[in-house]
Amino acid sequence: MSPVVVLAPDVSRKIAAGEVIERPFSVVKELVENSLDAGADSVRIELERGGRSLIRVADNGCGMSRADALLCFERHSTSKLRTEEDLERIATLGFRGEALPSIAAVSLLTLKTSDGTGAAATMIARRPDAEPEVRDAAHPRGTSVEVRDLFFNLPARRKFLRSEASELNLIARFVRTIALAFPEVGFALVNGRREILSWPRAGSLRDRLFQAQGGDASDRLLEMDATRGESRLTGFASRPPLGRSDKAEQHFFVNRRPVKDRVLQAALNQSYRGLLEKGLHPEAFLFLSIPYGEVDVNVHPAKSEVRFLDSQAVFRLVAQAVERAVLGSAGVKPLELPAEAAVTEAGAFSVREPGRAETDFWRVSPGGRRDAGLLFPGRPDGPVARPRVLGQLRDTYIVAADEEGLQVIDQHNAHEKVLFEQFKEARAAGKMPRRQVLLPILFDLPPDRALQAEENAPLFEEAGFRVEFLGGRTFSLKEFPDIMSVEEALSAFLSLLEEREGRGADWKQDGILASLACRAAVKAGQPLSVEKMEVLVEALFRLPHHALCPHGRPILVRLDVAQIERGLKRPPN
Ligand SMILES: Nc1ncnc2c1ncn2[C@@H]1O[C@H](COP(=O)(O)OP(=O)(O)OP(=O)(O)O)[C@@H](O)[C@H]1O
Ligand SMILES: [Mg+2]
């Protein structure tokens, strides 16, 4: 083995920086946190190529004197912490004094800052391998940090950067989340020439939720407020029986810091048990304010986890808040868990492919219990002459039998048909299951497609797609049928648009629904459990017509007992 040596400072700096700054998103996070700690009420984030080539964060906070500006790039230099005891009561987002030196070690960084005292503003330009350049500059009170060519000196790291779109997504999600904790701060996020969000200062969390989550947020959510001792929990969470099929919109903040925390998460989900149907989870924006001494924020390099002195108390506080909010809201009664829960369990299963939303059809229990989006009530139970499922052939056909003989059912066509009929019913009732996206999905169309999209907007709207024309050739997709994931929504819409182009006027609405059904249906080659096949066969045989799929292809073939007997040369009796 080689002898032990102490690493050269530039090497150890890079290693340390790599821990704090993993990707463009980390830079944005650290810089925005600094702006908020500086008391800014306006934060503007500009990116080029999702932050790969440029990240600029400008604030109107307290700024820095020249001496502080020079010092802030030294490791462990911070204005937020003085003594070991201070570590016990951290009120700021930052406290380690590591972010700026780490960013400066792996990029070309320019800082401009003024503390508004009348002295000239300071500009400092740094390269990891050279002396910093320090000059007078013009800058209003506040700070701008510009980070170029991130990881230019760490080629390995640079090579593994995610795509511009995925980085941008992460950054947008972060800004949306932190903006909820700081409603009094205005935020803007721009990538290239595209403005991704622009939220002026808001008067309250409710107003910020409206900006960030869309217009019906306050209908979907209940306000929470509970106090225990010196701790208080406030915020908003789902109004039962509304919920979501995932936990993606559960946001927790401890003393305004966004955190991922098991205790809070478990407390929330357990408190909603019995209030929401199985498979649904609450949406939540919960803010815990707790004495600084009762929570340790110094447990994770990204500062995104915390540890509570008394998790039991925190747990109870959440439960108490949820209970009070729910009881206090008129018309919300805890759901009774149905006696046939076991049956439901077998019937309600998901056809989750990676990233795909649960298809509503499967959530309809055999008993006709309304479920999930409450969209597809099953028909009343009655004697249904349906064949008994025997098994699956080549993961593609369901083999079933009744008194008359055997039936071989194409699983894809059958499921497509069932979904198609359900979608038609939902559309007729104006209840196509919809899902809103928090950040509209923006996309460009060539001029001819753009015209098509505008022309057919009402048609798509009825089917669950809300598409708006933003000007130029840019559109935004704000809502889509709740049978697909966000990732699938745009491509589904674009392929519908393409399909529309090739057809005549008769295609219209049923064509859209048939395409949606086709997308959502199980595919050939997908293994199905007996329970799944039974749910499907039952739903199929409840339909008045079940011979042809929406595209006109047969759904099943029969082999009658008579045919079987002929084949076996059995004398007719
Ligand atoms: N936007 C800003 N406005 C005013 N002062 C700032 C700003 N950004 C950084 N500073 C000053 O520079 C210091 C160092 O910032 P840095 O982000 O490196 O460390 P920190 O915020 O103290 O801790 P952490 O590493 O946890 O973020 C801060 O303590 C603060 O005094
Ligand atoms: Mg910081």
Side-chain angles (χ1 to χ4, degrees), residues 13 16-22 25-46 55-84 86-107 109-117 119 121-126 128 132 134 137 139-147 150 174-175 178 181-182 185-188 254-259 292 295-306:
R13 256 201 303 277
E19 279 174 27
V20 181
I21 303 302
E22 234 182 306
F25 155 72
S26 344
V27 175
V28 173
K29 175 174 182 293
E30 294 297 337
L31 295 180
V32 169
E33 288 184 354
N34 281 349
S35 296
L36 294 170
D37 281 344
D41 70 0
S42 159
V43 178
R44 181 177 174 82
I45 305 144
E46 289 168 43
I55 298 166
R56 186 186 292 124
V57 174
D59 68 53
N60 63 352
C62 63
M64 284 179 268
S65 67
R66 180 150 313 175
D68 283 351
L70 285 167
L71 201 58
C72 72
F73 290 103
E74 300 300 320
R75 288 198 71 198
H76 311 302
S77 65
T78 177
S79 58
K80 302 170 190 175
L81 208 63
R82 289 283 177 275
T83 64
E84 201 179 323
D86 289 347
L87 208 47
E88 308 278 296
R89 44 186 139 86
I90 290 169
T92 46
L93 296 166
F95 51 82
R96 307 156 308 180
E98 281 191 345
L100 287 179
S102 299
I103 299 169
V106 293
S107 69
L109 188 150
T110 307
L111 171 107
K112 287 184 191 155
T113 189
S114 156
D115 59 6
T117 53
T122 302
M123 196 238 20
I124 302 180
R126 301 182 54 107
V134 183
H139 195 278
R141 178 179 179 274
T143 303
S144 306
V145 179
E146 199 176 281
V147 175
L150 186 63
F174 162 73
V175 175
I178 196 87
F182 291 82
V185 178
F187 288 88
V254 174
N255 294 336
R256 281 191 154 194
R257 178 193 306 280
V259 295
Y292 295 120
V295 56
D296 186 0
V297 295
N298 188 23
V299 293
H300 188 265
K303 300 175 279 191
S304 62
E305 285 172 25
V306 293

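Keep in mind that what you see is a predicted model, and the values were worked out from it rather than measured. In listed order, ligands and their atoms are each counted from 1. Just so it is clear, the values below take in all heavy atoms, side chains as well, and ignore hydrogens, waters and symmetry mates.
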Would you say that [X] contacts [Y] through its side chain, given a criterion of any heavy-atom pair below 4.5 Å between the two side chains?
| X | Y | result |
| --- | --- | --- |
| F95 | V297 | yes |
| R141 | C62 | yes |
| I90 | D296 | no |
| K80 | N34 | yes |
| D115 | D68 | no |

Using a heavy-atom cut-off of under 4.0 Å, does the side chain or the backbone of [X] touch ligand 1, or both, or neither?
| X | answer |
| --- | --- |
| A40 | neither |
| D59 | side chain |
| T78 | both |
| M64 | side chain |

Heavy atom of S102 under 4.0 Å from ligand 1?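 The answer is no: ligand 1 sits nowhere under 4.0 Å from a heavy atom of S102.
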Judged by non-hydrogen atoms, does E33 sit under 4.0 Å from ligand 1?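 Contact check E33 vs ligand 1: negative.
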Atoms of ligand 1 less than 4.0 Å from [X] heavy atoms?
| X | result |
| --- | --- |
| K303 | 24 (P), 26 (O), 27 (O) |
| G94 | 21 (O), 23 (O), 24 (P), 26 (O), 27 (O) |
| S77 | 14 (C) |
| P101 | 18 (O) |
| E30 | 27 (O) |
| F95 | 23 (O), 24 (P), 26 (O) |

For ligand 1, which is the ligand I care about here, please tell me if [X] has any N or O atom under 3.5 Å from one of the ligand's N or O atoms.
| X | answer |
| --- | --- |
| R96 | yes |
| L93 | no |
| K80 | yes |

Quick one: look up the protein heavy atom nearest [atom] and list residue, atom name and how far away it is.
| atom | answer |
| --- | --- |
| atom 25 (O) of ligand 1 | E98 N, 2.7 Å |
| atom 12 (O) of ligand 1 | C72 CB, 3.3 Å |
| atom 4 (C) of ligand 1 | A38 CB, 3.5 Å |
| atom 29 (O) of ligand 1 | S79 N, 2.9 Å |
| atom 18 (O) of ligand 1 | L100 N, 2.8 Å |
| atom 2 (C) of ligand 1 | T143 OG1, 3.7 Å |

Roughly how far, to the nearest 0.5 Å, is CD1 of I45 from NZ of K29? 13.0 Å
Report the member of G97, G142, A99, G39 with the shortest heavy-atom distance to atom 23 (O) of ligand 1.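 Ranked by closest heavy atom to atom 23 (O) of ligand 1, first place is G97.
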Shortest non-hydrogen contact between F73 and A104, atoms and distance: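 Scanning both residues completely, I find the closest heavy atoms to be CD2-CB, 4.0 Å.
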Donor-acceptor pair, side chain of [X] and main chain of [Y], under 3.5 angstrom:
| X | Y | answer |
| --- | --- | --- |
| R256 | A181 | yes |
| D37 | T92 | no |
| R257 | L93 | yes |
| D86 | R82 | yes |
| D59 | T143 | yes |

So for atom NZ, which belongs to K303, do other residues, nucleotides or ligands contribute more than 12 heavy atoms lying within a distance under 6.0 Å?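 Enclosed: over 12 neighbouring heavy atoms sit under 6.0 Å from NZ of K303.
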Closer than 4.0 angstrom, basic N to acidic O: yes or no for E30 and R96? yes
Counting backbone and side-chain atoms alike, does N34 have an N/O/S atom under 2.8 Å from the Mg ion (ligand 2)?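 Checking the Mg ion (ligand 2) against N34, an N, O or S atom does fall under 2.8 Å.
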